[in-house]
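A short write-up of the structure that comes next.
Note that these values count all heavy atoms, side chains included, but never hydrogens, waters or copies made by symmetry.
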Amino acid sequence: MEPENNTRISEFLLLGLSEDPELKPLIFGVFLVTVLGKLLIVLATTSDSHLQMPMYFFLSNLSFVVICFTSTTIPKMLLNIQTQSKAITHAG
């Protein structure tokens with residue numbers, strides 16, 4: 001019988017965007033403005049009656065889907081940028 005690998009992974013390291021501490025506030029700002037911009041599109045198209053045409057309806061739905069998909073990864077990434085942490089748990 002061959003030996004099995006019983007190693008348990010408890011966390012992952014997020015590597016990527018930048019190691020430069022001067023760029024971290026810029027990256028934080030860009031992602032925060034992106035999420036807030038998508039939210040503004042959704043709010044504008046639902047509140048203004050002139051923006052109830054199909055093109056704006058689909059733009060609003062696309063923005064909503066982007067917000068939903070990124071609502072799990074972007075907040076964790078923004079938190080990691082601010083706390084200088086690179087680890088994310090398996091459950092996270």
Side-chain angles (χ1 to χ4, degrees):
M1 195 179 259
E2 293 185 30
E4 295 180 18
N5 185 357
N6 293 325
T7 306
R8 301 273 182 205
I9 298 175
S10 62
E11 64 183 21
F12 298 99
L13 292 179
L14 299 175
L15 304 174
L17 294 175
S18 176
E19 292 295 322
D20 189 8
E22 295 174 357
L23 287 178
K24 293 198 184 236
L26 177 67
I27 293 170
F28 180 84
V30 166
F31 283 110
L32 187 63
V33 167
T34 301
V35 171
L36 292 177
K38 299 294 183 193
L39 184 62
L40 182 65
I41 290 172
V42 171
L43 292 175
T45 55
T46 56
S47 65
D48 191 2
S49 63
H50 292 90
L51 299 177
Q52 299 296 324
M53 294 185 280
M55 178 179 72
Y56 295 109
F57 174 73
F58 290 120
L59 180 64
S60 176
N61 281 341
L62 179 63
S63 295
F64 181 72
V65 167
V66 168
I67 290 170
C68 290
F69 283 151
T70 59
S71 67
T72 56
T73 56
I74 296 293
K76 180 63 179 169
M77 185 180 65
L78 294 176
L79 178 71
N80 286 352
I81 288 173
Q82 289 300 319
T83 61
Q84 304 294 321
S85 171
K86 294 180 190 248
I88 185 170
T89 63
H90 191 311

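- With rounding to the nearest 0.5 Å, the separation of CG in L39 from CD1 in I67 is 5.0 Å.
- Looking at residues two or more places apart in sequence or on another chain, you find a side-chain hydrogen bond (donor to acceptor under 3.5 Å, both in side chains) between S60 and T45.
- Partners of F64 according to the side-chain contact (heavy atoms from CB on, under 4.5 Å) rule, which considers only residues two or more places apart in sequence or in another chain, are V42, C68.
- In this structure, CG on L26 lies 10.0 Å from CZ on F31, to the nearest 0.5 angstrom.
- Clustering of Ile, Leu, Val, Met, Phe, Trp and Tyr side chains at separations under 4.5 Å leaves L40 isolated, with no partner residue.
- Every residue meeting the side-chain contact (heavy atoms from CB on, under 4.5 Å) condition with L32, not counting sequence neighbours, appears here in chain and number order: F28, L36, L78.
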